[in-house]
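Below, all heavy atoms of this structure are taken into account, side chains as well, without hydrogens, waters or symmetry copies.
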Amino acid sequence: MSHELSVSIARRGAKVDLDMESAAFGVISIEERPGTAKKLLASSALYCYCAALDKALETRSAKYRRIEGKATVRTGTDDKGRGRVTGIDLDVTVFMDQEYEFIFDRVEKIMKQGCLITGSLEAAFPVKYNLNLECDED
């Protein structure tokens, strides 16, 4: 089974409107700066990973207070001297009660497989998953 979705762009010089064709986003207006595309890629990877993590915890009835994360995009050049993304590191922390630690341990193993976006990117460059747990001691 395959699915499709689309976004569209209108560009006038450095002003860019991304129409996400979604009620959640609408049109996002960006004043382009160096690194904008890399930040959008990092955001997409991090958002997808955290959404998959949320679902994996929810499916196992593990309640958490919050999930925090940061995505770092590494760039370099290929053998032809073209600029390329060479990797993404995801550093994500789940804040939850210690009673769910055993569930977190199982979910952590599952999340090493990534999510739709990061798993797709792994064919082009490495994605490193650093998933951590912060527990309150009772």
Side-chain angles (χ1 to χ4, degrees):
M1 171 179 18
S2 69
H3 293 35
E4 289 184 5
L5 62 82
S6 61
V7 299
S8 57
I9 189 169
R11 183 180 190 114
R12 291 171 301 287
K15 184 176 183 326
V16 178
D17 290 332
L18 290 173
D19 186 346
M20 303 305 272
E21 300 181 10
S22 158
F25 288 108
V27 176
I28 299 172
S29 295
I30 301 168
E31 185 72 28
E32 188 172 337
R33 300 276 188 257
T36 300
K38 290 178 281 209
K39 288 185 180 277
L40 289 168
L41 176 66
S43 297
S44 179
L46 184 60
Y47 178 85
C48 183
Y49 186 78
C50 289
L53 173 59
D54 168 78
K55 193 57 150 175
L57 291 168
E58 178 187 308
T59 299
R60 290 159 184 81
S61 300
K63 303 207 182 327
Y64 63 88
R65 283 181 301 291
R66 71 183 184 279
I67 296 173
E68 293 182 359
K70 180 177 184 176
T72 304
V73 175
R74 292 183 313 281
T75 60
T77 56
D78 66 9
D79 57 348
K80 296 179 182 171
R82 300 174 295 187
R84 294 289 183 254
V85 172
T86 59
I88 294 179
D89 296 342
L90 299 179
D91 295 290
V92 176
T93 302
V94 178
F95 295 83
M96 64 189 342
D97 291 335
Q98 193 169 16
E99 71 180 279
Y100 298 111
E101 186 172 8
F102 74 99
I103 296 173
F104 175 85
D105 291 341
R106 286 188 286 171
V107 168
E108 182 180 27
K109 289 178 180 80
I110 294 165
M111 294 308 298
K112 289 182 189 295
Q113 298 173 37
C115 63
L116 174 70
I117 300 297
T118 62
S120 300
L121 293 173
E122 287 176 351
F125 50 78
V127 178
K128 184 176 177 186
Y129 306 102
N130 301 309
L131 183 56
N132 300 292
L133 174 64
E134 285 285 329
C135 291
D136 288 336
E137 298 292 327
D138 292 331

(message) Pair Val73, Lys39 - check side-chain contact (heavy atoms from CB on, under 4.5 Å), show working.
(response) CA-CA 8 Å; Val73 175; Lys39 288 185 180 277; over 6 Å; no
(request) Looking only at non-hydrogen atoms, find the nearest pair between Ile103 and Ala62 and report the distance. (result) CG2-CB, 3.7 Å
(message) I want to check something: taking the side chain as every heavy atom from C-beta on, are Leu46 and Val92 in contact at a cut-off of under 4.5 Å?
(response) yes
(message) Using only atom types and a distance under 3.5 Å, with no angle test, would you say the side chain of Thr36 pairs donor to acceptor with the backbone of Arg33?
(response) yes
(message) Looking at Asp78 and Lys80, would you say the former's side chain and the latter's main chain have a donor-acceptor pair under 3.5 Å?
(response) yes
(message) Please report the interatomic distance OG(Ser44) to CG(Leu121), rounded to the nearest 0.5 Å.
(response) 7.5 Å
(message) Is any side-chain heavy atom of Leu133 closer than 4.5 Å to one of Met96?
(response) yes
(message) Can you list everything that forms a salt bridge (charged side-chain N to carboxylate O under 4.0 Å, His left out) with Glu68? Sequence neighbours excluded, please.
(response) Arg66
(message) If hydrophobic residues (ILVMFWY) are linked whenever their side-chain heavy atoms come closer than 4.5 Å, directly or via other members, who joins Leu40 in its cluster?
(response) Val7, Ile9, Val16, Leu18, Met20, Phe25, Ile28, Ile30
(message) Whether the side chain of Arg11 engages the backbone of Gly13 through a donor-acceptor N/O pair (distance < 3.5 Å, no angle test) should be reported.
(response) yes
(request) Report the hydrophobic cluster partners of Met1, with the cluster defined as I, L, V, M, F, W, Y residues connected by side-chain heavy atoms closer than 4.5 angstrom, directly or transitively. (result) none
Could you pull out every donor-acceptor pair under 3.5 Å between side chains of residues 108-120 and any protein atom, sequence neighbours left out?
{"residue": "Thr118", "atom": "OG1", "partner": "Cys115", "partner atom": "N", "Å": "2.9"}
{"residue": "Thr118", "atom": "OG1", "partner": "Tyr129", "partner atom": "OH", "Å": "2.9"}
{"residue": "Ser120", "atom": "OG", "partner": "Leu116", "partner atom": "O", "Å": "2.7"}

(request) Answer with yes or no whether the hydrophobic clustering places Phe95 together with Phe102; edges join I, L, V, M, F, W, Y residues whose side-chain heavy atoms lie under 4.5 Å apart. (result) no
(request) Of all the heavy-atom pairs spanning Glu134 and Arg65, show the shortest one and how long it is. (result) O-NH2, 4.3 Å
(request) Name all residues meeting the side-chain contact (heavy atoms from CB on, under 4.5 Å) criterion together with Lys55; count only those two or more places apart in sequence or in a different chain, and write none if there are none. (result) Glu58, Thr59
(request) Scan for side-chain hydrogen bond (donor to acceptor under 3.5 Å, both in side chains) pairs involving residues 83-94, sequence neighbours excluded, and state none if there are none. (result) Arg74-Asp89, Asp91-Asn130
